[in-house]
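Here's the structure we're looking at; comments come further down.
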Amino acid sequence: MAKDYSAAARRLVELAGGKDNIKKAFHCMTRLRFNVRDKSLVDDKKMTQLPEVVGVNWHNDQCQIIIGNEVSAVYKAVEKLGVATEDGAAQEPAEKKGVFSTIVDSITGCMTPMIPALTAAGMMKVILTILNASGLLTEASMTYQVLSLIGDSAFYFMPFLIAANAAKVFHVNQSLALIIAGVFLHPTFVNLVAGDAAITFIGLPVTKASYSYSVIPIILMVWIMSYIEKIADAVTPKMLKIIMHPTLVILIAAPIALIVIGPLGNIAGEGLAAAINFLSAKLGFVIVGLLAAFFPFIVMTGMHHALTPIGLSAIATGGSDALIFVSQVCSNVAQSGASLAVAFKSRDKSMKQLASAAGISAVMGITEPALYGVTLKLKRPVVAAAIAAGIGGIVGGILQVSLYIAQNSIMAVPAFIGDKGMSNLFYGIVMIAVSFIGAFVLTIVIGFQDEGEQIQGTGTDEAKDTSAQMQQPSQNGSAGITRKNVSAPVKGKIVELAHVPDQTFSEKILGDGIAILPEEGRIYAPADAEVSCVMDTKHAVALTTVQGLEILIHVGLETVELKGKHFTSHVQNGEKVKEGDLLLEFDLEGLKKDGYQTVTPVIITNAGDFVSVLPMLKENEHVVNGDQLLKVL
């Protein structure tokens, strides 16, 4: 169960003089930062007595509450109290993205917020099916018909839901976007489409197409409107803008929607449906298994969001989906099974905790913790999960399992209830069981390698060799003690932590280590590791090495205030790096010119898990990246 930080957040706000005394709240990697109006109202001594708080620093009128890894959760709790907050990432110039990334992100923004509405509408249909099958309601009854129209409304008026979300994604006036959706679904237009007469506008033909249940036409149209609004804004006089601007937008957008974009979107939607039907016809159950097996790797590219409209379209038009969401369910429960197998078999306590939590998260449809934190990290479990998901998908394909609601987790069980009767529910449960149990068993059988430990699985020669090596005395010291080396991430001069002008580092509140006064603006990986976190402001990066060290590299002091200015990140969260890989670049002279200290602490934040952290160089000694900097015993 997630820890509740609301009490701590309320107490911190009180001790900061109340939310009216807080001009702005934000956070960096380890600190919650309050810019306050009156410093005398802040009781920083009582703040340090809270169990969540490690210490408090002041920088001008900014109260820096040192929390550590839980800072993001505490910040969110503070945000819920109505304190004026600022998302540092929102203040940075938007990063340039590729065309593919932009398309996927746009689809995600348009589709994701409407999932709850579609889930509720789908559940109405499930309830209707159960009531009808049990004889409690007949299709002819008025109650049944009312419930049916309630359940169908979200699908029929899907363009409205998408228009509302797309307006936010493409920064279009929401009411104008909704008007275009209304044009597509207006009863007069619906009747004209159903009639025999041709539809024209100023002599141009209007394609007879139905836009209820559609997805792509309205997304394309709202995107086009983002450019139409800019054109209208440029050509309308300021005095008449309030009247002319929205009028001009609608006069331009509506005909384009009906004559060009709507029909093109319809063709694209029908093309996707035809492609899926073609694959299903040619490959049958195999396509479900293939998609389920490859889904973890599709998730890694972000492409899974682009598949959502296909599944939703299938449910909206045909009442059910037998491919997209079905394969997702198999993949997600397989990730859960593999993670829980790791939790069961691992000898590493931290991995047991992570795998347990990730396994539960995955079975509820959130697979990123399991995929990036457990199965992909340990390699063999992700293979086991992919194989099991593929087998589960093939079973589901052979049994022709269908989902009547957009679901991708264990909550899909009621979504199997539909017009196929209870047999589909039974087959769906069988498919889930095959995926979950298969992944669990396969992970146990083929084994995996804990970091720093032997193969967990069947008694292979590899495991015995590893075990024998672990029992031998270390070449670097006494038996049972392994030295973990950390190299210098940047060229410069050594500064002892005690001399860093920030008590968070000088008093080793965050951990032990050393600091470097940089002579160049490049930060390199100090060891083979995984990137745990790159701050949105790019001034700090946290790494977890293959030997279990948690390293924080913090470029300069108070550089979070720059909100990314002077910094460029070359890595992202979850990325695996080798020692010497470039992590960050920064403008060293720019930092100095803006008045920031550039001393860069290199901290082992989990130093308490080890015997000792030993700096290998002394104050003022020169170091280049790659030189041995720390030894951890």
Side-chain angles (χ1 to χ4, degrees), residues 104 107-108 111-112 114-116 118-119 122-123 215 272-273 275-276 279-280 283 285-316 318-339 358-372 375-376 382 384-416 418 424-425 427-436 438-439:
V104 170
I107 292 173
T108 302
M111 304 300 298
T112 302
M114 59 188 281
I115 294 297
L118 299 180
T119 299
M123 283 304 297
V215 173
L272 283 173
I276 295 299
L279 289 173
S280 298
L283 299 176
F285 60 84
V286 176
I287 187 63
V288 186
L290 286 174
L291 189 56
F294 283 100
F295 226 96
F297 312 104
I298 296 173
V299 168
M300 291 167 61
T301 68
M303 183 62 185
H304 62 298
H305 293 300
L307 298 176
T308 301
I310 301 173
L312 288 175
S313 294
I315 293 174
S320 65
D321 168 65
L323 177 59
I324 305 299
F325 295 117
V326 169
S327 58
Q328 270 190 284
V329 169
C330 294
S331 177
N332 291 354
V333 296
Q335 286 292 318
S336 175
S339 291
I360 295 170
S361 173
V363 82
M364 298 306 295
I366 309 299
T367 59
E368 280 79 0
L371 179 59
Y372 294 114
T375 61
L376 193 62
V382 77
I387 293 171
I391 295 171
I394 288 173
V395 169
I398 292 173
L399 297 176
Q400 298 183 342
V401 173
S402 297
L403 273 168
Y404 295 87
I405 305 174
Q407 272 293 345
N408 63 355
S409 67
I410 196 67
M411 298 305 294
V413 170
F416 290 124
N424 190 66
L425 171 63
Y427 292 151
I429 293 172
V430 169
M431 179 187 75
I432 287 176
V434 169
S435 301
F436 180 88

Within this structure, what is the CD1-CE distance for the pair I391 and M431, rounded to the nearest 0.5 Å? 14.0 Å
Give me the atom names and distance for the closest heavy-atom approach of V326 to V401. CG2-O, 3.8 Å
Residues which pass side-chain contact (heavy atoms from CB on, under 4.5 Å) with I398, listed by chain and number, not counting sequence neighbours: F285, I394
Heavy atoms of G393 and A292 approach each other most closely as CA-CB, 4.3 Å
Below 4.5 Å, heavy atoms only, C-beta onward: do V382 and Q335 meet side chain to side chain? yes
Closest non-hydrogen contact found for V333 with F436 is O-CD1, 3.4 Å
A384: partners by side-chain contact (heavy atoms from CB on, under 4.5 Å), with sequence neighbours left out: L442, T443, I446
Any side-chain hydrogen bond (donor to acceptor under 3.5 Å, both in side chains) pairs touching residues 391-402, not counting sequence neighbours? S402-K420
Distance-minimising heavy-atom pair for S435 and A388: O-CB, 3.6 Å
Closest heavy-atom pair and its distance - A334, A439: O-CB, 3.1 Å
CG/N424 to CG/L403 distance, rounded to the nearest 0.5 angstrom? 7.5 Å
Looking only at non-hydrogen atoms, find the nearest pair between S331 and F295 and report the distance. OG-CB, 3.4 Å
